[in-house]
Amino acid sequence: GDVQEPIHLVEHRYPVGNAQFSLDGELLAISGWPDLQFWRTSDLTKLGTPLRAAPANEFSADGMRMAFAPGGTTSIALLDTTTMQIVRTLPKKASQATHFGFSHDGRLLASFDWDCNLELWRTESDDGPYAAHRTGVRDSGRFTFSPDDSLLAVGCVNGTVHVLRTSDGEVIQTLHTLRFPEPVFLANGVLAAPAWSRVHFWDLTASPLPELALPDDFLARVLEFDRSGDFLAVGSEGELRLWTLQPSPKLGHIIPMPGCAIALTWLKEEKQFMAFSDDGSLSMVEPRTGRAASMGKVGRGFGLAASLSPDGRVLVWFNRQWPFKQRLDDRHQAHVFDTRTGESKSIGLTLSAAFRPDSQRLARGAADWKVRLYDPNAPTNSPIKEVGFSGWVEGVAYSPDGNLLAVCVMGNTLHLYDLGQDCDIGSVRTTSVQANLVRFSADGSLLAVAGPLREGGHAVELWHVDPRQGLFASGVCLR
C-alpha cells in the first residue's frame, strides 16, 4: 500500500524498548531503559515524571493500574494511572520480571522472570506470590487469562503453551505448537495460539486431553497389549519393557532383546508375546514372569520397522524413511514375509503397517497420504481398498473387532475410521508426543500412542476410546 506519514511523532529521551496503549486508548506508556514515561493520547501531554523502570510493563484491563519492574530491584510496582502514584509494591524475589499479565478483573497478576519462574500474585495484597511454577524455559511469550479468569495460558519460545489453574497455580495442561506461540483466549473460551506460520486452536472444555504421565527414557519402536488388557509391551533398542496396567500403570519387567524389537504380537493360545527384532530373530516373552525364549531367526535381518500378524504366520517389514530424504529404491519397499515358507512379496513404500485381529487383512500407511488394505495371503500385491487422509500416515491400527481403524497422521492427529461405513468418525490432536505408533487394547477401550516428545525425550500416551460414538474420551498419558 501507500506509505503513510505518522499522525504524531513522540520524542523519548532514551531508545524505546517497549510502547503500549491502555485498553481504552487514552494512555500511552513508553519505556526505554532506564525510564518509563506516560502520555495522554488526546493531546500528547506527558503525565507525571519519568519512572526508573525496566522495559517490562503491562496495563490492567480497565487502564487504572500498571505493573512494572522498578529499576535496580526485583520487586513489582503497581501504579495508579489516575494519580501516577505507586499504590503497592509486591515483594518479588529471585530475578527481575520480564513479562506481566493482568486478569480481566484486575485482581490477579502473572509475572515471568529471567530464572524461568512463573508467579501469580493477588494485586490487593502485599504478600508474596500465592503460586509459582518453574517452566524451565528462559523466555516467555504472551500471558492470557480465560474469560472467567479461572485459567492462565502462557506461551514459551520452545513452542509449549502451559495452562494453569489460577486458584492454586497448578499446571493442568501442556499444549504444543511449533515455536514462539502467542496464546490468547477468545470470548467463547477457545484458546488460540499463532505460532510461526500456523494458528492452533483448543477447546479446553471439549477437547480430550491426557490425564496422567509416567516416565520413560527411551524411544518406543513398537507397542502391543495382551488379550486381557493387563499388560502393555513396549519394544526399543536392545530391550522390551512390560507395563502392568492393573490396578494402576506400573513398569514391570525389563527384558534384554537381541537387536531392536520392531514387531510384537500377542498369541492368545500361548498367552505370550511374540517379538521380532531387526536382526531377524523371533522370541517368546511371558509377561508375568518376564521370561524370554528364543525361537531362532527367520532371516538375516530386516528393516527398521515391522508388524506381525496375530497368528504369527505373516510378517511385514519395511524401512520407515521419508521420501524426500534420499532416493527411493527397493530398501524402502514393504515386504510381506511368510514365516512358514520363507516366501515374500513387495507392496510398496511404507511408513506404518498393522494386521486385522483375524490376520486376514493388512493395513499399510504411506507417505502419499493413503492407507491401503491388502489380503496378506493373496498371491498378488494389489490393494483391496484405499483411504485418503490429510498427511503422511505414520501409524495405523485395527480395533479388536476389525471394524475401526486408528490412523496417526503427520505425527499429531489421530483419526478413527469406520471401515464398514467408510467414513472418518472422530479425530483428536496428541498433546505431548509426535506420534508414530498406535495400538488398540484387547477390548478396544484404550489406544496407545508413542513417539518423541516435542520438547525432547520420549513418551507413550494412553487414550480412552468410545468406539460406539467414534469419539476419543479423556485418557491417560504415559511419559
Next on the checklist: With heavy-atom distances below 4.5 Å as the criterion, would you say the side chains of L28 and F38 are in contact?
Outcome noted: no
Checklist entry - Side chains of L351 and V393: closer than 4.5 Å at any heavy-atom pair? => result no
Checklist entry - Does a donor on one side chain and an acceptor on the other come within less than 3.5 Å for Y130 and D168? => result no
Next on the checklist: I need the minimum non-hydrogen distance between W392 and W369, along with the two atoms involved.
Outcome noted: N-CD1, 3.6 Å
Next on the checklist: Within the 4.5 Å heavy-atom criterion, are I76 and F68 side-chain neighbours or not?
Outcome noted: no
Checklist entry - Would a 4.5 Å heavy-atom cut-off, applied to side chains only, mark L108 and R122 as touching? => result yes
Checklist entry - When you measure from the side chain of Q20 to the backbone N and O of N57, does any donor-acceptor pair fall under 3.5 Å? => result yes
Checklist entry - Taking the side chain from S22 and the backbone from G63, do they hold a donor-acceptor pair closer than 3.5 Å? => result no
Checklist entry - Short question: side chain of S125, backbone of D127 - any donor-acceptor pair under 3.5 Å? => result yes
Checklist entry - Do you know which two heavy atoms are closest between L36 and A53, and how far apart they sit? => result CB-CB, 3.9 Å
Item to check | side-chain contact (heavy atoms from CB on, under 4.5 Å) between V234 and L240, worked out | outcome: CA-CA 6 Å; V234 184; L240 183 70; 5.9 Å; no
Checklist entry - With distance as the sole test, does Y417 use its side chain to make a donor-acceptor pair with the main-chain N or O of D422 at under 3.5 Å? => result yes
Checklist entry - So, the side chain of T41 versus the backbone of G25: is there a donor-acceptor pair under 3.5 Å, distance only? => result yes
Next on the checklist: According to salt bridge (charged side-chain N to carboxylate O under 4.0 Å, His left out), does anything in residues 70-83 pair up with another residue at least two apart or in another chain? List the pairs.
Outcome noted: R65-D80
Checklist entry - Can you tell me how far the CZ atom of R364 sits from the OG atom of S352, to the nearest 0.5 Å? => result 9.0 Å
Next on the checklist: Would you say CZ of R107 has more than 12 non-hydrogen atoms from neighbouring residues, nucleotides or ligands within 6.0 angstrom?
Outcome noted: no
Checklist entry - Which heavy-atom pair separates F145 from F102 by the least distance, and what is that distance? => result CD1-O, 3.2 Å
Checklist entry - Would you say T98's side chain and W114's backbone share a donor-acceptor pair under 3.5 angstrom? => result no
Checklist entry - Quick one: does H104's side chain have a donor or acceptor within less than 3.5 Å of a partner on S60's backbone? => result no
Checklist entry - How many angstroms lie between CG in D149 and OG in S167, if you round to the nearest 0.5 Å? => result 12.0 Å
Checklist entry - With a 4.5 Å heavy-atom cut-off, do F21 and L27 have their side chains touching? => result no
Item to check | Sequence neighbours excluded, every pair satisfying salt bridge (charged side-chain N to carboxylate O under 4.0 Å, His left out) that has a member inside residues 89-100 | outcome: K92-D113, K92-E119
Checklist entry - Is there a side-chain contact (heavy atoms from CB on, under 4.5 Å) between L23 and F59 once you walk through the steps? => result CA-CA 8 Å; L23 194 62; F59 280 104; over 6 Å; no
Checklist entry - Do any N or O atoms from the side chain of D105 and from the backbone of S103 form a donor-acceptor pair under 3.5 angstrom? => result no
Checklist outcome for this item: What one should report as the nearest heavy-atom pair of A153 and V161 is CB-CG1, 4.2 Å
Checklist entry - Quick one: which of N403, L373, V371 gives a side chain to side chain contact (heavy atoms under 4.5 Å, CB included) with L419? => result L373
Checklist entry - Which heavy atom of C408 sits nearest a heavy atom of L414, and at what distance? => result CB-CD2, 3.9 Å
Checklist outcome for this item: Value for CG (L151) from CG (L191), rounded to nearest 0.5 Å, stands at 9.0 Å
Next on the checklist: Could you measure the distance from the OG1 atom of T81 to the CE atom of M66? Nearest 0.5 Å is fine.
Outcome noted: 8.5 Å
Checklist entry - Are the side chain of D115 and the backbone N or O of N117 linked by a donor-acceptor pair below 3.5 Å? => result no
Checklist entry - Taking it one step at a time, do I172 and L164 satisfy side-chain contact (heavy atoms from CB on, under 4.5 Å)? => result CA-CA 6 Å; I172 59 172; L164 295 84; over 6 Å; no
Item to check | Note, R40 side chain near E26 side chain (heavy atom, < 4.5 Å) | outcome: no
Item to check | Those residues that, when tested against R88, pass side-chain contact (heavy atoms from CB on, under 4.5 Å) (two or more places apart) | outcome: L78, L90, D126
Checklist entry - Taking C-beta and beyond as the side chain, do P256 and E239 meet within less than 4.5 Å on heavy atoms? => result no
Checklist entry - Can you tell me how far the CZ atom of R439 sits from the CG atom of L264, to the nearest 0.5 Å? => result 8.5 Å
Checklist entry - Checking side-chain contact (heavy atoms from CB on, under 4.5 Å) for the pair K370/F389: CA distance, chi angles, key distance, verdict? => result CA-CA 6 Å; K370 291 182 179 180; F389 291 90; over 6 Å; no
Next on the checklist: For D418 versus L404, what's the shortest heavy-atom pair and its separation?
Outcome noted: CA-CD2, 3.8 Å
Checklist entry - If only atom types and distance count, is the side chain of S75 paired as donor or acceptor with the main-chain N or O of T89 below 3.5 Å? => result no
Checklist entry - Is any side-chain heavy atom of T244 closer than 4.5 Å to a side-chain heavy atom of D230? => result no
Item to check | CG-OG distance between L416 and S399, expressed to the nearest 0.5 angstrom | outcome: 7.5 Å
Next on the checklist: With no hydrogens and no angle check, just 3.5 Å: does a side-chain donor-acceptor pair link S111 and W121?
Outcome noted: yes
